[in-house]
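Data first, discussion second: the structure below is written as structure tokens.
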Protein chains: 2
Amino acid sequence: MARIARGPLDTILGLRLRRANGAVQRHFGEHFADLGLTQKQVSVLWLTGDHPGLAQTDLAAALDMDRATTMALVHALEKRGLMTRAPALSDRRKIAFSLTSQGSILLDKAKAAVDEHEDWLKRRFDAAELATLEELLARIYR
Amino acid sequence: MARIARGPLDTILGLRLRRANGAVQRHFGEHFADLGLTQKQVSVLWLTGDHPGLAQTDLAAALDMDRATTMALVHALEKRGLMTRAPALSDRRKIAFSLTSQGSILLDKAKAAVDEHEDWLKRRFDAAELATLEELLARIYR
DNA sequence: TATTGTTATACTCTATAACTATA
DNA sequence: TATAGTTATAGAGTATAACAATA
């Protein structure tokens, strides 16, 4: 049996989404192996760089994550010296995160790598198609 | 800080893809909790039902999985009595998989649940938008 | 030599539950 | 009561490496 015709399975949108996402994650992983960062980690660093002082809940909400999932992510980044924590002034339950200088430097490198990765992904589409795809995808999670 | 503006992060197509996929997986999980099947497991049962006698390599290729990943999936389904194995006649390295009657029954139920799940997902789009989205996604993994 | 199945192993992501401190 | 952070734990998905049997 040389190749399986997927047939009806191809009509499953959820599966197409999963396969497309998988392909992108794999490429991301290869592209970022030297930086030692996952997609989620880059997202956390990026958000923290843009919004110094944010709390874990903010990260969780912005990235559709559970609190516990966020903890594990942030903890790993702190351990590597990329993020630091400080007590939040407004609300003592919260913790204000910011990037270390090391984190800032790595984020800059990561942003450049993200650009290349996104070019690889987006070169499949022209401007109109890209805008359409972005809008259609947003309808799913928004 | 009430809500974080994602800003530039929203321009990352890979992240939109991940969030959309995550939202769909979460809904799938809730919807299929009573059947005790994951999306991947349903895909394996579905393919095996459509192509009895297929080998692990066929499943791996059809679903973009590693051989080892496929093993774990198939093994769990065999353990639950949903799939069985037989030696492949053409090539003694291969194993021919097929569904048990129990697997067939569960697959039928799963297909009905998939229909409902897909309706939930697809009601966001009209026919033209759906066709466009499917085609654009296929460009990523194809 | 290459492919198929197998096992061991490990890492990421995700989520639930229960706890503490604060609001 | 509700929220924020924390910890422990578990399951799903993914992948690499190494091995045996077969092609």
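Since we're looking at a predicted model, the values are computed, not measured. Each chain gets a letter, A, B and so on, in the order its sequence line appears, and its residues count up from 1. Hydrogens, waters and symmetry mates are skipped; everything else that's a heavy atom, side chains included, is used.
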Just the rounded figure in Å: distance from [atom2] of [N] to [atom1] of [X].
X: A:Phe97; N: D:dG5; atom1: CZ; atom2: C1'; result: 9 Å
X: A:Leu89; N: C:dT22; atom1: CG; atom2: P; result: 15 Å
X: B:Lys94; N: C:dA2; atom1: NZ; atom2: P; result: 18 Å
X: B:Asp66; N: C:dC11; atom1: CG; atom2: P; result: 17 Å
X: A:Met65; N: D:dG5; atom1: CE; atom2: P; result: 12 Å
X: B:Met83; N: C:dG5; atom1: CE; atom2: C1'; result: 14 Å
X: B:Gln25; N: D:dG11; atom1: CD; atom2: C1'; result: 15 Å
X: B:Arg67; N: D:dT16; atom1: CZ; atom2: C1'; result: 11 Å

Within the pair [X] and [N], is there a side-chain N or O less than 4.0 Å away from OP1 or OP2?
X: A:Thr38; N: C:dC11; answer: no
X: B:Arg26; N: C:dT14; answer: no
X: B:Gln56; N: C:dT3; answer: no
X: B:Arg85; N: C:dT6; answer: yes
X: B:Arg18; N: C:dT14; answer: yes

Practice item. Taking only Lys NZ, Arg NE, NH1 and NH2, and the carboxylate oxygens of Asp or Glu, determine whether B:Arg26 and B:Glu30 approach each other closer than 4.0 Å. Key: no

Exercise for review: Record whether the side chain of B:Arg93 comes under 3.5 Å of the base of C:dG5 through a donor-acceptor pair of N or O atoms.
Suggested key: no

**Study point:** Donor-acceptor pair present, B:Arg92 side chain and D:dT22 base, under 3.5 Å
**Key:** no

**Study point:** Heavy-atom neighbours of B:His31 NE2 exceed 12 at 6.0 Å
**Key:** yes

Review point. After noting the C-alpha distance and the side-chain angles of A:Leu121 and A:His27, does the key distance pass the side-chain contact (heavy atoms from CB on, under 4.5 Å) rule?
Key: CA-CA 9 Å; A:Leu121 175 56; A:His27 182 269; over 6 Å; no

Point to revise | Value rounded to 0.5 Å, distance of CG in B:Leu17 from CD1 in B:Ile12 | key: 12.5 Å

Check your understanding: So do B:Lys40 and B:Thr69 actually touch side chain to side chain, heavy atoms under 4.5 Å?
Key -> no

**Study point:** Nucleotide of C:dG5, D:dT22, D:dG5 approaching B:Asp91 most closely (side-chain heavy atoms)
**Key:** D:dT22

Study note, to complete from the structure: Result for 5'-nearest mapping on DNA chain D, choosing between A:Gly22 and A:Thr57, is A:Thr57

